[in-house]
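Just so you know, ligand 1 is whichever comes first in the structure, and atom 1 is the first atom listed for that ligand.
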Amino acid sequence: MTKISDRIYSVGVNDDDKVLFEGLWPLPYGVSYNSYLVVDEKVALIDTVECGFEEEFLSNINDAIGGRDIDYLVVNHMEPDHSSLVAYMLETYPGLQIIANAKTVPMLKGYYGTPEERITVVGEGSSLSLGGCTLNFSLIPMVHWPETMVTWLAEENTLFSGDAFGTFGAVAEEVVDADGTFEQYKDEMTRYYACIVGKYGTPVQTALKKLSGLEIKRICSTHGPVWEQNIPQVVSLYDKMSRYEVERGVCIVYGSMYGNTAAAADALALELEARGIPYAIHDLAGNNAGELGLSGALRDVFKYDTIIVGSPTYNNGIFPPVETFMKALQARLIKGRRFYAFGSYTWSGASVSQLNALASAMGFELLGDGLSFAQAYTKEKVDMAAVADMI
Ligand SMILES: Cc1cc2nc3c(=O)[nH]c(=O)nc-3n(C[C@H](O)[C@H](O)[C@H](O)COP(=O)(O)O)c2cc1C
Ligand SMILES: [Fe+2]
Ligand SMILES: [Fe+2]
């Protein structure tokens, strides 16, 4: 438990054990499920944490309010990483009333069989007085589920933002950010956005416009630190990513079975290095255990303006992990990128032309026809210097 202000307590938990978030995304630095108590004449809890942390969660709550009852549980977002202790909290606090919007109600019933009499429905602009201060609710659909809302506590200029402005990475004991915290989390925030929210650039833009009228002095998101010192940087990163704005640089993404496409990818990295062009390189085939794989590739797609993809030809098509990557780009509506493809084949190359077709369909600018080479990679046969010269 950490006291954030006279009224606000952070009672969330760090998860250092989970290997894959949503069963997909590696967590080398863990993740936090944040939950906040607003303590006034009435006590409100904003979101819960993932199941499995019941004991730690209750102990955090007890540290903050002792045996006091919780009057309200505000459900900003129904994804189970935040809602899976709803039924447990209703049981533990028999007087507790859930505050939810109309889209949330059927989800509460469907997931947890929540009885209707335990739910108070709020909507856009609704408010809830806690005595000395008031919670205000605003809907931000598709950031990142349709029912998502945020809670604004005007007396504290505090936004309880749900997944918006969230990041991977466990939080430090003090929870609240300091100078330099943004830099520390920037890569994990980008990776979180790219993996989890990346498809919803337009709804994020709508939400940002809606929130722009507020004088926000504190952001309490459901994942990561509480932001006080770094709010302009955090908001600007989310704004940039949701506009698909990128900087100059290359994201090399490849998969390889026997190392030939990989050798070409490595050669390209060396050529970019020699030219001082910023780049990142990601192996999707999992040959390098511990690397970020697809999630790292997606992170850097949201960072750099050029995507260079390597795939061997596999059953007359694209190597499956690379195909998954291309589908992930489509799903995230990635636009405005420069693109180039390369890869090894043995009897009839098909991957490069198919990659080009997918890239064209996304409106990417093709830097050339691509480099499809037979059998082994050799420097003489596969001119990655020429590719680097086009960047
Ligand atoms: C399951 C499998 C399917 C393949 N399908 C094709 C194919 O349809 N056309 C082709 O030219 N080569 C095919 N190949 C050969 C690979 O493209 C070739 O081994 C290539 O050099 C692999 O590149 P890598 O070393 O980067 O893995 C296939 C190989 C495997 C293992
Ligand atoms: Fe979520
Ligand atoms: Fe979440």
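- Residues satisfying the salt bridge (charged side-chain N to carboxylate O under 4.0 Å, His left out) test with Lys210, not counting sequence neighbours, are Glu124.
- Ionic pairing of Glu228 and Arg218 is present here: one or more N-O contacts between side-chain nitrogen and carboxylate oxygen are shorter than 4.0 angstrom.
- Considering Tyr29, Phe21, Tyr193 as possible partners of Phe168, the one that fulfils the ring pair (Phe, Tyr, Trp, His ring centres under 6.0 Å) test is Phe21.
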Could you tabulate the donor-acceptor pairs under 3.5 Å formed by side-chain atoms of residues 88-100, not counting sequence neighbours?
{"from": "Thr92", "atom 1": "OG1", "to": "Tyr88", "atom 2": "O", "distance (Å)": "2.6"}
{"from": "Gln97", "atom 1": "NE2", "to": "Glu117", "atom 2": "O", "distance (Å)": "3.1"}
{"from": "Gln97", "atom 1": "NE2", "to": "Thr120", "atom 2": "OG1", "distance (Å)": "3.2"}

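- Using a 4.0 Å cut-off between a side-chain N of Lys or Arg and a carboxylate O of Asp or Glu, Lys327 and Glu323 do not qualify as a salt bridge.
- Enumerated by chain and number, the residues approaching ligand 1 to less than 4.0 Å through a heavy atom are Ser256, Met257, Tyr258, Gly259, Asn260, Thr261, Pro312, Thr313, Tyr314, Asn315, Asn316, Ser344, Tyr345, Thr346, Trp347, Ser348.
- Counting only protein atoms, the N, O or S atoms lying less than 2.8 Å from the Fe ion (ligand 3) are Asp81 OD2, His82 NE2, Asp163 OD1, His223 NE2, ordered by chain and residue number.
- Using a cut-off of 4.0 Å between Lys/Arg side-chain N and Asp/Glu carboxylate O, Glu155 and Arg7 are scored as not salt-bridged.
- Using the six-membered ring where Trp is involved, Trp227 and Tyr185 have ring planes that are perpendicular, over 60° apart on the 30 and 60° scheme.
- A salt bridge links Asp239 to Arg243: one of the charged nitrogens lies within less than 4.0 Å of a carboxylate oxygen.
- Look at Arg191 and Glu188 and you find a salt bridge, because one of the NZ, NE, NH1 or NH2 atoms lies within 4.0 Å of a carboxylate O, short of that distance.
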